[in-house]
Amino acid sequence: LSSCTSAAEKEMGGAEQREKQYRAHRGFGDRRGGVISARTYFYADEAKCDQHMETFLRCIDASSGSSEDGFSAIKLTALGRPQFLLQFSEVLVKWRRFFHQMAAEQGQAGRAALEMKLEVEKLQEALANLGIATKAESQHWFTGENLGVSGTVDLLDWNSLIDSRTKLSKLLLVPNMQTGQLEPLLSRFTEEEDLQMKRMLQRMDVLAKRATEKGVRLMVDAEQSYFQPAISRLTLEMQRRFNRDRAIIFNTYQCYLKEAYDNVTVDVELSRREGWHFGTKLVRGAYMEQERERAAQIGYEDPINPTYEKTNEMYHRCLDYILEEIKHSRKANVMVASHNEDTVKFTLRRMMELGIHPSEKKVYFGQLLGMCDQITFPLGQAGFPVYKYVPYGPVKEVLPYLSRRAQENRGFVQRANRERDLLWREVKRRLLAGSLFS
Ligand SMILES: Cc1cc2nc3c(=O)[nH]c(=O)nc-3n(C[C@H](O)[C@H](O)[C@H](O)COP(=O)(O)OP(=O)(O)OC[C@H]3O[C@@H](n4cnc5c(N)ncnc54)[C@H](O)[C@@H]3O)c2cc1C
């Protein structure tokens, strides 16, 4: 739990000002609760993070050695103190909410994220009235590269004002919508925490460079919603640097999140504007039970779609948007990471309709090792690029993950039965055809 709280905050009592969702919570210190299909890392110390990085490096080397077209997946919680991810997530979310608040004041509430465009003049007035920045001060925020072509400010322009590397430790005030008080966007880090943050970014850098050298695509897994804004943003910053010629870094979007479509569309638009290759793994999301329980207990809005059907709709909507993007620019890439047969069928149908051929290798499929071979193998045989997620690392560390999944996943047992039935059917068919060993 202490790895999720900041020493500087403890000294200054700043933790009380943190938004509920982004506060460390004793009851949820063990983040494994209800999680079936993802491994959980806990912060021990910086040396352990270095060890994880070494394992990831070996994994990248192994992927490059076994295939010309390999992927490796990493988790950012393995590479640093999660407290930094919590705090940075809070900053990003507060900053985005502030944008929505400004948009509402300009009569644009309820629009899709990309449709909100703030008039600079009015925005500067509002900032001055709120006591955040005088017109003279905010003048340089909205010039040149920080201002959209149309002379308005949209969410992308707004987000570009926050940069994890250069401006993160600068104190900025934003209004708290509940209390009306101005609050620092970010509590200060101690010197040691600042160093821990930098080391985490350096580890990511080392991995991205090795992946580029080896021609292996690096997927950054999505994790809990209170870490995810930071994970996604840091991944996006890697994409900007490493995806100029091809998609090396893949971000992950969880479609069980209510905000998934906004996240996907905003990031695709950024890749278009800046000209880099968009790469994504699309999943439904592995932490639903834990997320719901945490939101209910701590008392903030549940970030997950209300029903399974809504999540399915969201998945197909996001996927369709990316497939359309592939059709138009051929710069986007997607891994459909799902065991859901309807989703796989939906993808195949839309690929055909949009004229995206499997051999172009823009659309990949992914399933977890030991699950859904009845989907994986036919896809592979039909020429679609399809991958298995294989846990990699010391046996004593990956075995508990595998056995946990096998024990806990009721769907796994059902699917295993289905696979067994299909295998029996095939054996019978071959026996009857007299071709069992052909
Ligand atoms: C290759 C691969 C990589 C993955 N990487 C990640 C990752 O980086 N991060 C991550 O979080 N997960 C990851 N997952 C796990 C994934 O998010 C899902 O938990 C898992 O694949 C089950 O979803 P499905 O699409 O396969 O199948 P389904 O069985 O059709 O979907 C189950 C999922 O639907 C959603 N759902 C179920 N009931 C409800 C409900 N009542 N309301 C709202 N939503 C509901 C949940 O997300 C649940 O996990 C990965 C999975 C694969 C195959």
Side-chain angles (χ1 to χ4, degrees), residues 31-41 56 63 70-78 217-229 231-232 235 249-260 263 279-293 295-296 301-319 334-347 363-376 379-380 384-392 401-402 404-405 408-416 418:
R31 288 176 270 116
R32 285 169 301 186
V35 180
I36 294 159
S37 44
R39 184 174 163 194
T40 307
Y41 289 89
F56 290 151
S63 303
F71 279 98
S72 287
I74 61 168
K75 280 197 166 50
L76 292 200
T77 46
R217 273 76 51 88
L218 195 63
M219 293 191 289
V220 181
D221 280 356
E223 305 187 49
Q224 282 88 348
S225 64
Y226 39 92
F227 296 138
Q228 195 47 34
I231 292 174
S232 190
T235 308
I249 310 292
F250 278 55
N251 211 343
T252 303
Y253 297 88
Q254 295 158 310
C255 296
Y256 65 14
L257 292 180
K258 290 172 184 163
E259 60 179 31
N263 292 343
T280 180
K281 164 160 66 87
L282 212 57
V283 299
R284 280 185 169 73
Y287 308 95
M288 182 179 74
E289 286 174 28
Q290 193 192 96
E291 291 277 5
R292 288 215 204 282
E293 205 184 319
E301 187 191 330
D302 182 359
I304 311 278
N305 292 315
T307 62
Y308 178 54
E309 288 67 32
K310 287 274 174 218
T311 293
N312 294 343
E313 259 171 48
M314 180 67 92
Y315 194 104
H316 292 179
R317 193 166 165 228
C318 293
L319 178 58
V334 61
M335 172 174 279
V336 178
S338 174
H339 304 136
N340 183 307
E341 286 185 22
D342 289 338
T343 292
V344 172
K345 284 183 194 150
F346 173 86
T347 315
V363 182
Y364 309 88
F365 294 87
Q367 282 95 42
L368 304 180
L369 177 71
M371 292 181 81
C372 281
D373 289 348
Q374 85 277 7
I375 293 183
T376 314
L379 280 173
F384 289 88
V386 58
Y387 291 80
K388 282 295 201 193
Y389 238 49
V390 183
Y392 184 93
Y401 157 75
L402 280 173
R404 234 171 102 78
R405 222 181 60 207
E408 290 177 7
N409 192 353
R410 273 173 284 138
F412 173 84
V413 178
Q414 280 161 7
R415 286 183 187 114
R418 185 167 153 70

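Order of appearance sets the numbers: ligands from 1, and atoms from 1 within every ligand. Remember, it's a predicted structure, so these values are computed and weren't measured experimentally. Sequence positions, counted from 1, serve as the residue numbers for this chain.
- Side-chain contact check for Y287 versus Q228: every heavy-atom pair is 4.5 Å or farther apart.
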Verdict with supporting geometry, K281 and Y389, side chain to side chain donor-acceptor pair (under 3.5 Å): CA-CA 12 Å; K281 164 160 66 87; Y389 238 49; 3.1 Å; yes
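- With K388, E223, R284, K75 as candidates, the residue nearest to atom 33 (C) of ligand 1 on a non-hydrogen basis is R284.
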Candidate pair E291 and M288, rule side-chain contact (heavy atoms from CB on, under 4.5 Å), full reasoning: CA-CA 5 Å; E291 291 277 5; M288 182 179 74; 5.7 Å; no
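- Only the side chain of R292 comes within contact range of ligand 1, with a heavy atom under 4.0 Å; no backbone atom does.
- In this structure, the separation between CE on M314 and CD on Q254 is 12.0 Å, given to the nearest 0.5 Å.
- For ligand 1, the atoms closer than 4.0 angstrom to any heavy atom of Y287 are 11 (O).
- Residues C318 and L282 form a side-chain contact, since some pair of their non-hydrogen atoms from C-beta on lies under 4.5 Å apart.
- Considering every non-hydrogen atom in both K388 and L368, the closest pair reads NZ-O, 3.5 Å.
- The shortest N or O to N or O distance between A222 and ligand 1 is below 3.5 Å.
- Of the options C255, S225, A286, the smallest heavy-atom separation from atom 10 (C) of ligand 1 is shown by A286.
- Ligand 1 has a nitrogen or oxygen under 3.5 angstrom from a nitrogen or oxygen of N340.
- Ionic pairing of K258 and D302 is not present here: no N-O contact between side-chain nitrogen and carboxylate oxygen is shorter than 4.0 angstrom.
- Considering only heavy atoms from C-beta on, L76 stays 4.5 Å or farther from F227 through its side chain.
- Note on ligand 1: K310 sits outside its first shell, no heavy atom being nearer than 4.0 Å.
- With a 4.0 Å heavy-atom cut-off, ligand 1 is reached by the side chain of T252 but not by its N, CA, C or O.
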Steps toward side chain to side chain donor-acceptor pair (under 3.5 Å) verdict (D221, T252): CA-CA 6 Å; D221 280 356; T252 303; 4.6 Å; no
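- The shortest N or O to N or O distance between V283 and ligand 1 is not under 3.5 Å.
- When non-hydrogen atoms are compared, ligand 1 lies under 4.0 Å from neither the backbone nor the side chain of M371.
- In terms of N/O distances under 3.5 Å, ligand 1 is approached by T311.
- Between Q367 and ligand 1, a contact under 3.5 Å exists for no N or O pair.
- For atom 40 (C) of ligand 1, the candidate residues are F250, Y308, Y387; the nearest heavy-atom contact is made by Y308.
- Proximity to N305 (heavy-atom distance under 4.0 Å) selects the following atoms of ligand 1: 42 (N), 43 (C).
- Geometrically, ligand 1 and M288 share no nitrogen or oxygen pair separated by less than 3.5 Å.
- For the pair M219/Y387, no side-chain contact is recorded, criterion being any heavy-atom separation below 4.5 Å from C-beta on.
- Residue E309 qualifies as enclosed at atom CD: its count of foreign heavy atoms under 6.0 Å is above 12.
- Considering backbone and side-chain N/O of N312, none are found under 3.5 Å from N/O of ligand 1.
- Taking every heavy atom of D221 and a limit of under 4.0 angstrom, the matching atoms of ligand 1 come to 8 (O).
- Polar contact with ligand 1: absent for Y256 (N/O pair, distance under 3.5 Å).
- Within ligand 1, counting atoms from 1 as listed, the ones closer than 4.0 Å to a heavy atom of A337 are 1 (C), 2 (C), 3 (C), 52 (C), 53 (C).
- Partners of T311 according to the side-chain contact (heavy atoms from CB on, under 4.5 Å) rule, which considers only residues two or more places apart in sequence or in another chain, are Y256, R284, N305.
- Residue E341 places no heavy atom under 4.0 Å from ligand 1.
- The six-membered or imidazole ring of F71 lies near that of Y364, with a centre-to-centre distance under 6.0 Å.
- Residue contact check: G366 has heavy atoms under 4.0 Å from atoms 1 (C), 53 (C) of ligand 1.
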